[in-house]
2 protein chains.
Amino acid sequence: MKTKVQSGDKSEKRVFHNTDDCPIRNVVTQIGDKWSVLLLFALVEGPDRFNALKARVVGISQRMLTQTLRDLEREGYVNRTVYPEVPVKVEYELTALGRNLVQPLYQLVSWAETHHDEIKQSRIEYDNRG
Amino acid sequence: MKTKVQSGDKSEKRVFHNTDDCPIRNVVTQIGDKWSVLLLFALVEGPDRFNALKARVVGISQRMLTQTLRDLEREGYVNRTVYPEVPVKVEYELTALGRNLVQPLYQLVSWAETHHDEIKQSRIEYDNRG
DNA sequence: CTGCATCCCGGCAGATACTG
DNA sequence: CAGTATCTGCCGGGATGCAG
């Protein structure tokens with residue numbers, strides 16, 4: 001989180017930037033997409049193949065599976081291994097960094113499950129107010 | 001995280017769904033957008049007004065600030081208070097739920113800052129490989 | 001089996017102008 | 001001050017067809 005303290009400001013509140021070099025944005029942008037978290041949690045259970053992942057992550061298209069896996073690989077969360085058999089076999093597995101990332105994600109998942117009902121209730125009340 | 005264990009499957013790997021009723025998706029979808037996290041962290045430092053937030057969160061447009069604040073309010077993370085002065089004054093502050101959410105987010109921020117260099121390096125290597 | 005290439009459409013988000 | 005309204009361009013992502 002890139003921050004600055006404004007000198008001379010009595011409140012001393014921080015200023016927040018949304019740059020490509022902001023650590024939190026790097027992570028949140030990636031895991032915030034529609035499929036990354038589900039794939040990371042799927043791969044926590046062990047390496048898996050392309051079509052196996054496609055079957056386990058319900059609703060993901062071939063295109064988005066490829067793209068998301070490429071992104072996760074680029075960030076360093078996932079390893080891609082090609083076995084030159086016929087037909088070809090490709091296995092994806094978490095890297096050490098990927099397994100490491102899953103820890104704080106678990107915290108968020110746990111939080112989400114705990115407070116899910118509160119959030120749903122809040123939405124209902126908000127929508128009823130107009 | 002909504003999961004199922006497939007009976008008869010030797011690997012017993014879970015199946016992941018991406019439904020509107022999935023707790024983790026509810027949270028990740030919201031905080032995963034471009035501005036939510038920055039706004040939550042800005043509001044951790046105390047209540048703040050619309051234009052003050054606009055100045056502190058660099059780069060956010062008026063439209064997106066309004067929209068993101070409305071979304072955060074709907075989820076129950078933010079309270080909106082209107083003071084009927086002239087000109088009108090509107091203050092935003094975190095709810096108990098919002099302050100609570102910030103805790104696991106801190107974990108993620110901390111992780112992101114710690115591993116930022118690894119991620120940047122991974123990207124460079126990936127891009128050099130083609 | 002594991003993708004890539006292409007077409008295409010709906011929705012996100014910036015810019016701008018207006019209002020209580 | 002704190003928004004809403006409208007217009008518009010862009011691109012995320014589905015569907016489909018092809019390839020190593």
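Within every chain, numbering begins at 1; the chains are lettered A, B, ... in the order of the sequence lines, protein sequences first and strands thereafter.
Taking the charged nitrogens against the carboxylate oxygens, A:E73 and B:R123 have no contact shorter than 4.0 Å, which rules out a salt bridge.
Residue A:Y92 is classed as a sugar-phosphate contact, given heavy-atom separations below 4.0 Å to backbone atoms only. A:Q62 comes within 4.0 angstrom of a base, heavy atoms only. In this structure, A:V88 reaches the bases: a heavy-atom distance under 4.0 Å links it to at least one base atom across the strands shown.
Where A:D33 and A:P87 meet DNA chain D, the nucleotide closest to each residue was compared, and A:D33 sits on the side nearer the 5' end.
Between the side chains of B:E91 and B:T81, no donor N or O sits under 3.5 Å from an acceptor N or O.
Between A:M64 and A:Q67 there is a side-chain heavy-atom pair separated by less than 4.5 Å.
Pairing each heavy atom of B:L97 with each of B:G76, the nearest pair is CB-O, 3.6 Å.
OP1 or OP2 of D:dG14 sits under 4.0 Å from a side-chain N or O of A:S61.
Scanning atom types as modelled, no donor and acceptor separated by under 3.5 angstrom connect the side chain of B:R63 and the base of C:dT16. No hydrogens or angles were tested; on distance alone, nothing pairs the side chain of A:R80 with the base of C:dT2 as donor and acceptor under 3.5 Å.
The interatomic distance linking B:W35 (CH2) with C:dC12 (P) rounds to 17 Å, in whole Å. Distance CD (A:E91) to C1' (C:dT2): 14 Å, rounded to an integer number of Å. Rounded to whole Å, the distance from NZ on B:K54 to C1' on D:dC1 is 12 Å. In this structure, CG of A:D48 is placed 14 Å from P of C:dC1, rounded to the nearest angstrom. Between the P atom of C:dC1 and the CG atom of A:L65 lies a distance of 14 Å, rounded to the nearest Å. In this structure, CD1 of B:I60 is placed 15 Å from C1' of C:dA15, rounded to the nearest angstrom. If you take CG of A:L69 and P of C:dG3, they are 8 Å apart, rounded to a whole angstrom. We find that CD of A:Q67 is positioned 8 Å from C1' of D:dG12, with the value rounded to whole Å.
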**Asked** So B:T68 and B:D71, side chain to side chain donor-acceptor pair (under 3.5 Å) or not? Walk me through it.
**Response** CA-CA 5 Å; B:T68 307; B:D71 290 342; 5.5 Å; no
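Considering only the side chain of A:V90, C:dT2 comes nearest among D:dA2, C:dT2, D:dT4. For B:M64, taking side-chain heavy atoms from C-beta onward, the closest of the listed nucleotides C:dG20, C:dA13, C:dC4 is C:dA13.
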